[in-house]
Amino acid sequence: MKKYYKLIIFLLLLACVDDSAHGPYGSDNIPPGMVTIDDVINTPGGAIIYFTPPTDEDLLYVKASFSDENQIDREVIVSSVIDSLNIVGFAEQGDYPVDVVAVDRGENESEAVVVNISPLEAPIHAILNSMVGSQDFGGINIAYQNPTRAEVSLNMSTIDEDGNIVFRESFYTSQADSYYSFRGYDPIPTVFIIYVEDKWGNQTATRSFEITPLEDIFLDKAFWAIESMPGDESFSEYGFTANQIWDGYWSNQWNCGHTNFLPLPHQLTLDLGQVAKLNRFKLYQRGGSELYKHGNPKRFEIYGRLNLDNLPIYDPDDPGDGWIFLGYFESFKPSGLPPGSNTAEDYEFQDNGEDFVFDFEAQQHEIRFIRFVNIESWNNQMVTVIGELSFWGSLIN
């Protein structure tokens, strides 16, 4: 019985122990000191608050709490070893209070320091105001400036026959100074209505552009075929077939034309099966895990001919001999990251197809046969892969 009494007394003593002994490691239940604000730099759509944290040993992080212009509560948290809070996401200019507190390991908060910020004009408004719309093949080209590289979408609508505004598509970008073409429209006067939206859902007013798109006919791939020529590589290697280059599927790493591993340049000759004056083309990379690597063309040339009569003897040092030079092109990667590292913007950019426009002189020629010469692949591998090719222009026959 004495043993039982001793056990009961021991348990009672444990029950009387202060619960704080079981708190987070290093916590002393004492709120940390206040944050010292050193400077406030207002930025487009936000501000940077520079501070000195308190010296408490158990300090964990510093937190900024505020409400945006839509009265939505938001927080920004940074580690105690960082000296600034980057406040972003405001759509409208004005004065906004921000509460800055220090928080320790026990989640004890210091007394708040109130800082007033005055965000500059938000990037979405500057982007909208910078827009220049111009006539383009099958639609409108929108040039814009985005010096802060804000992550935004350009959203386009048109007016239908009944006068209703109909949403058409969005283009996502974080490029600084760039352009985008909304295509797929008949060569008749069309009103294009555009607004800009950021990743916080902030939207601008709209801008309207009345443009008459240039004729831009998609070349039917049902007539396409490989034209085997001296110096050409086979694009039907490793279980792939050359006709996957025009089968209407891409963004899958198992759907492409694929050469053997041989020194570059690699060339391919296509019979389009129709005569056209070419406006532009799209190159779709082999996608999936192979995007921007494993033989996807980085630098390449396009040549053309109306027919194959009276061609000179093939010279491997001059694959364009006897052909009309239609252009030199370089593939673009939005993120700029090295091969093997891709962003969502990279995938979206290539899934839409990389759009290349022939210059005015190239557009004057009647073309049926295309010679594609890959000079350099994205990761410098001695192989070429093509997910898909498409051409647009004015049909002759």
Side-chain angles (χ1 to χ4, degrees), residues 219 221 224-273 278 280-305 308 311-333 338-340 342 346 350 353-356 358 362 367-391:
L219 270 62
K221 299 180 187 181
W224 289 24
I226 291 291
E227 185 73 30
S228 295
M229 301 287 290
D232 285 2
E233 302 296 341
S234 167
F235 276 74
S236 296
E237 304 300 325
Y238 300 99
F240 299 94
T241 58
N243 64 2
Q244 288 178 298
I245 295 172
W246 64 86
D247 64 357
Y249 298 95
W250 57 87
S251 298
N252 183 320
Q253 68 186 75
W254 306 116
N255 201 100
C256 65
H258 197 305
T259 70
N260 275 315
F261 285 79
L262 297 166
L264 270 66
H266 295 162
Q267 70 184 43
L268 167 75
T269 307
L270 284 173
D271 179 359
L272 300 178
L278 300 176
R280 63 188 180 94
F281 69 97
K282 278 192 175 188
L283 171 65
Y284 300 80
Q285 289 193 15
R286 181 188 185 186
S289 63
E290 304 301 337
L291 195 72
Y292 287 106
K293 65 176 187 177
H294 194 76
N296 278 305
K298 182 177 183 181
R299 298 191 302 115
F300 56 94
E301 295 174 336
I302 300 282
Y303 298 84
R305 278 186 67 100
L308 300 180
L311 271 172
I313 296 174
Y314 176 72
D315 180 359
D317 294 326
D318 186 10
D321 185 24
W323 289 73
I324 300 168
F325 178 69
L326 298 181
Y328 165 83
F329 305 94
E330 290 193 24
S331 178
F332 173 69
K333 188 174 186 180
N342 301 313
D346 293 334
Q350 282 299 332
E354 192 165 357
D355 205 351
F356 299 93
F358 293 108
I367 300 295
R368 172 172 171 173
F369 296 91
I370 290 290
R371 172 162 286 179
F372 183 102
V373 182
N374 185 31
I375 301 171
E376 179 188 351
S377 296
W378 261 100
N379 59 341
N380 291 314
Q381 282 194 326
M382 299 293 99
V383 65
T384 299
V385 295
I386 299 175
E388 187 84 7
L389 277 172
S390 297
F391 289 88

- prompt: With ring centroids as reference points, do Trp323 and Tyr303 lie under 6.0 angstrom apart?
  reply: no

All heavy atoms of Leu264 vs all of Ile375, minimum pair found to be CD2-O, 3.4 Å

Would you say Asp271's side chain and Ala225's backbone share a donor-acceptor pair under 3.5 angstrom?
no

Using 30° and 60° as the class boundaries, would you call the ring planes of Phe300 and Phe356 parallel, tilted or perpendicular? perpendicular

Using the ring of each side chain (for Trp, its six-membered ring), is Phe261 parallel, tilted or perpendicular to Tyr238, with breaks at 30° and 60°?
perpendicular

message = Between Glu227 and Arg305 (salt bridge meaning N to carboxylate O under 4.0 Å), is one present in this structure?
response = no

- prompt: For Phe332, does its backbone N or O pair with a side-chain atom of Glu354 as donor and acceptor, under 3.5 Å?
  reply: yes

Nearest heavy-atom approach of Val383 to Ser377 is O-OG, 2.7 Å

Scanning both residues in full, the closest heavy-atom pair of Pro319 with Gln267 reads CB-OE1, 3.2 Å

Looking at side-chain heavy atoms only, is the closest gap between Ile386 and Pro297 below 4.5 Å?
yes

Exactly one of Trp246, Tyr284, Trp224 clears side chain to side chain contact (heavy atoms under 4.5 Å, CB included) with Leu389, and that residue is Trp224

I'd like to know if the side chain of Asp247 and the backbone of Tyr249 have a donor-acceptor N/O pair within less than 3.5 Å. yes

| Between Gln244 (side chain) and Gly257 (backbone), is there a donor-acceptor pair under 3.5 Å? | no

Heavy-atom nearest pair, Gly387 first then Cys256, reads CA-CB, 4.0 Å

| Is a donor on one side and an acceptor on the other found under 3.5 Å between the side chain of Arg286 and the backbone of Gln253? | yes

Report task. Check whether more than 12 heavy atoms from other residues, nucleotides or ligands sit under 6.0 Å from atom OH of Tyr328, and answer yes or no. Result -> yes

| query | Does a side-chain heavy-atom distance below 4.5 Å link Phe358 with Ile302? | reply | yes

Only residue of Lys333, Gln350, Lys293 satisfying side-chain hydrogen bond (donor to acceptor under 3.5 Å, both in side chains) with Asn342 is Lys333

Is there a donor-acceptor pair under 3.5 Å between the side chain of Thr259 and the backbone N or O of Thr384?
yes

When every non-hydrogen atom of Leu262 is compared with those of Glu233, the smallest separation belongs to CD1-OE1, 3.3 Å

Residues Ser331 and Gln285: closest non-hydrogen pair is OG-NE2, 3.5 Å

Got Ile226 and Leu268 here, is their nearest side-chain heavy-atom distance under 4.5 Å? yes

*4.5 Å side-chain heavy-atom contact, Phe391 and Ile367*: no

Exercise for the section: Verify, without hydrogens or angle tests, whether Ser390 (side chain) and Lys282 (backbone) share a donor-acceptor contact under 3.5 angstrom. Expected result: no

**Item:** Heavy-atom side-chain proximity of Leu311 to Met229 below 4.5 angstrom
**Value:** yes

Q.
When you measure from the side chain of Asn296 to the backbone of Glu290, do you find a donor-acceptor pair of N or O atoms at a distance under 3.5 Å?
A. yes

